[in-house]
2 protein chains.
Amino acid sequence: MIKFFDVLRKCSLFDGIEDENLDKILHCLRATPDFYDKKFTIFTEGKPVKYIGIVLSGSVQAVQVDYYGNRSILTETTPGGMFGQAFACSGAIPDTLSYIASEPSDIMLLDCNHILHTCSNNCGFHQQMIYNLMKNMANANIELHQRIEITSKRSTREKLMAYLSLYAQKTGSNEFDIPFDRQELADYLEVERSGLSSEISKLRAEGVIESNKRHFVINM
Amino acid sequence: MIKFFDVLRKCSLFDGIEDENLDKILHCLRATPDFYDKKFTIFTEGKPVKYIGIVLSGSVQAVQVDYYGNRSILTETTPGGMFGQAFACSGAIPDTLSYIASEPSDIMLLDCNHILHTCSNNCGFHQQMIYNLMKNMANANIELHQRIEITSKRSTREKLMAYLSLYAQKTGSNEFDIPFDRQELADYLEVERSGLSSEISKLRAEGVIESNKRHFVINM
DNA sequence: TAAATTCTGTTGAAAATCCAACAAAACGGA
DNA sequence: TCCGTTTTGTTGGATTTTCAACAGAATTTA
């Protein structure tokens, strides 16, 4: 647990909670880290999501595959981030959505009810965590809005540029590494991989961007 | 206020609150209904969303228009529903998103801070409302997931059928009226209106659906 | 190190969407 | 009722995406 302490204190669920209390809370929540191999399905479509996940290392993707085999990546969660909150809180079952480790990952699963309801130990941090969880959910909502803004563009080129621009804005730099390989980026943008590759080549030829694998530079 | 009492008690923000207390709460929140004409922009892109909106009559759409003039409808909120929660709670500014009355509508705006923070009147319902707001936000999240599932389909036909199937599932019937006209449906599905119209005609010719204006029947 | 696998870019033909323009139908207001 | 506006459906050509197949590069495994 100590190993991941620095990640946990960055998790927005624990905002406003002193370091010395974090340990108590984790104990109260009976939370222990688990390791998952790459491609392991943490929450499976069709089954209730019983826990809120916190990524300690690696990364987790929300993925859905439709009837025709088209794969979409809805969200990517990196260390310090949470996943599955909405389903865990509402009790809704994700009919077509799974949460999958996209790398070897350490994950901590928290029982939503333990967070929402004051415990017998009378540990007084539930109020703060409920507030934090709400803020987190609001932000998750806004991130989905941003994803929709990107994928609502009508062409592959516009989608890609919208994605790269937003990423540049978030990192505060025109030069960065994206968290997706080509296939994953295509699944996030909801376009064909081959078409995406050729569009990247064109943009590079036009001097709009520079790129190598996951590394991108936007020229202005 | 009495006029909209029946709508308000159905709003999930007030779940678990007795009718006789609802009046007190609304007074405590200093909430009064306002009327908006069709097409009036209630929350404008680029400006902070200071309130949570509750639709009392009519309907409100979350709309974004991109650089090229493509319009997307992200959500449609009907009486009893809420809008703007995520932005109001997180404090994030919707860069490209506006909330617009799609019909003449009565709306009640609530100050988010008044909900989140216990008031001096010591009215004891904030706890319940915070809990309700969290559940509501979780559900809003899931609705965005569902919209993404629909729009992530690669063809106009699949998007339309996914939308109609989900709508049938939600209403519990294969026969229903959708809340969009053709242009709005196209903007929701992120396709061309003309292409959508012709696809509807084809599906009708094939006997897959029956339709007239906003009325649809899915044949099985 | 060699072999196997995965990832990436390229290409061309088939399919679908987008766009613009138009006409008919429906609707709303004077 | 009449007129102007909005909504809907239709069509064809330009544009774009999709699909399938392949080759080279990079990475992983034995």
Side-chain angles (χ1 to χ4, degrees), chain A residues 37-39 61 65-73 100 102-104 150-163 177-206 208-216, chain B residues 37-39 61 65-73 100 102-104 150-163 177-206 208-216:
Chain A
D37 284 321
K38 181 174 178 173
K39 294 192 180 177
Q61 296 174 344
V65 181
D66 75 10
Y67 181 78
Y68 301 95
N70 288 316
R71 191 174 76 139
S72 298
I73 298 175
I100 300 173
S102 58
E103 309 169 40
I150 291 168
T151 57
S152 71
K153 298 272 181 287
R154 296 302 208 273
S155 70
T156 300
R157 166 178 289 232
E158 282 169 38
K159 288 184 188 186
L160 175 61
M161 287 310 295
Y163 173 77
D177 290 286
I178 64 172
F180 297 129
D181 64 27
R182 284 289 177 277
Q183 184 63 60
E184 288 173 328
L185 181 56
D187 293 341
Y188 184 84
L189 299 179
E190 289 162 7
V191 297
E192 270 303 300
R193 181 197 59 78
S194 64
L196 174 60
S197 268
S198 88
E199 204 63 51
I200 289 173
S201 298
K202 281 183 203 164
L203 285 165
R204 201 160 34 202
E206 294 171 21
V208 179
I209 63 171
E210 296 164 41
S211 81
N212 184 288
K213 309 260 180 76
R214 295 179 177 217
H215 191 75
F216 285 83
Chain B
D37 284 321
K38 181 173 177 175
K39 294 193 180 174
Q61 296 174 345
V65 181
D66 74 10
Y67 181 77
Y68 301 95
N70 288 316
R71 191 175 76 141
S72 297
I73 297 175
I100 298 173
S102 58
E103 307 170 41
I150 290 168
T151 57
S152 72
K153 299 272 181 290
R154 295 303 208 274
S155 70
T156 299
R157 165 176 292 231
E158 282 170 38
K159 288 183 187 186
L160 176 61
M161 287 310 296
Y163 174 76
D177 290 285
I178 64 172
F180 296 130
D181 64 28
R182 285 289 177 277
Q183 184 63 60
E184 289 173 328
L185 181 57
D187 292 341
Y188 184 85
L189 299 178
E190 288 162 6
V191 298
E192 269 303 299
R193 181 197 59 79
S194 64
L196 174 61
S197 269
S198 88
E199 205 62 53
I200 288 173
S201 298
K202 280 184 204 163
L203 284 165
R204 202 160 33 199
E206 293 171 23
V208 179
I209 63 171
E210 296 164 40
S211 80
N212 183 287
K213 310 259 178 77
R214 295 180 176 214
H215 191 76
F216 283 83

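Here is how names work: the chains are called A, B, and so on, in the same order as the sequence lines, proteins then strands, and each is numbered from 1.
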Practice problem: Give a yes or no on whether the backbone of B:L196 and the side-chain of B:R182 come within a donor-acceptor separation of less than 3.5 Å. | Solution: no
Exercise. Whole angstrom is fine here: how far is it from CD in B:E190 over to C1' in D:dT17?
Key: 16 Å
Self-check item: Nearest-angstrom distance from the residue atom NZ of A:K159 to P of D:dT16
Solution: 14 Å
Quiz item: Rounded to whole angstroms, how far apart are NE2 on B:H215 and C1' on D:dT7?
Solution: 19 Å
Practice problem: Check whether any side-chain heavy atom of B:D66 sits under 4.5 Å from a side-chain heavy atom of A:S152, and report yes or no. | Solution: no
Exercise. Please report, rounded to the nearest Å, how far the C1' atom of D:dG9 is from the NZ atom of B:K202.
Key: 13 Å
Quiz item: Quick one: is D:dT15 close enough that its OP1 or OP2 comes under 4.0 Å of any side-chain N or O from A:S155?
Solution: no
Practice problem: Any chance you could lay out the side chain to side chain contact (heavy atoms under 4.5 Å, CB included) test for A:Y68 and B:E158, step after step, and finish with the verdict? | Solution: CA-CA 10 Å; A:Y68 301 95; B:E158 282 170 38; 3.4 Å; yes
Self-check item: Opening and closing nucleotides of DNA chain C in contact with chain B, under 4.0 Å to non-hydrogen atoms
Solution: C:dT17 to C:dC27
Quiz item: Taking CD1 from B:I200 and P from D:dT10, how many angstroms apart are they, rounded to a whole number?
Solution: 10 Å
Quiz item: Which part of the nucleic acid, if any, lies within contact of B:S201, taking any heavy atom under 4.0 Å across all strands shown: a base, the sugar-phosphate backbone alone, or nothing?
Solution: sugar-phosphate
Quiz item: Are any non-hydrogen side-chain atoms of B:M161 and B:K153 less than 4.5 angstrom apart?
Solution: no
Contacts table for residues 183-194 of chain A: side-chain donor-acceptor under 3.5 angstrom, sequence neighbours left out:
residue : atom : partner : partner atom : Å
A:Q183  : NE2  : A:D187  : OD1          : 3.2
A:E184  : OE1  : A:D181  : N            : 3.1
A:E184  : OE2  : A:Q61   : NE2          : 3.2
A:D187  : OD2  : A:R71   : NE           : 2.6
A:D187  : OD2  : A:R71   : NH2          : 2.8
A:E190  : OE2  : A:R147  : NH1          : 3.3
A:E190  : OE2  : A:R147  : NH2          : 2.9

Self-check item: Nearest-angstrom distance from the residue atom CZ of B:R204 to C1' of D:dG9
Solution: 9 Å
Quiz item: Less than 4.0 Å between a side-chain N and a carboxylate O, is that true for A:K159 and A:E199?
Solution: no
Quiz item: Where each residue is assigned the nucleotide of DNA chain C containing its nearest heavy atom, which of A:K38 and B:T156 is assigned the position nearer the 5′ end?
Solution: A:K38
Exercise. At under 4.0 Å between heavy atoms, which parts of nucleotides 19-30 of chain D does protein reach? Answer with one letter per nucleotide, 5' to 3': B base, S sugar-phosphate only, - none.
Key: BBB----SS---
Practice problem: Indicate yes or no: at least one non-hydrogen side-chain atom of A:F216 is less than 4.5 angstrom from one of A:Y163. | Solution: no
Quiz item: Are B:S198 and D:dG9 close enough that a side-chain N or O sits under 4.0 Å from OP1 or OP2?
Solution: no
Practice problem: Figure out the NZ/C1' separation between A:K153 and D:dT15, and round it to whole Å. | Solution: 19 Å
Quiz prompt | Distance, rounded to the nearest Å, where B:E184 contributes CD and D:dT8 contributes C1' | solution = 14 Å
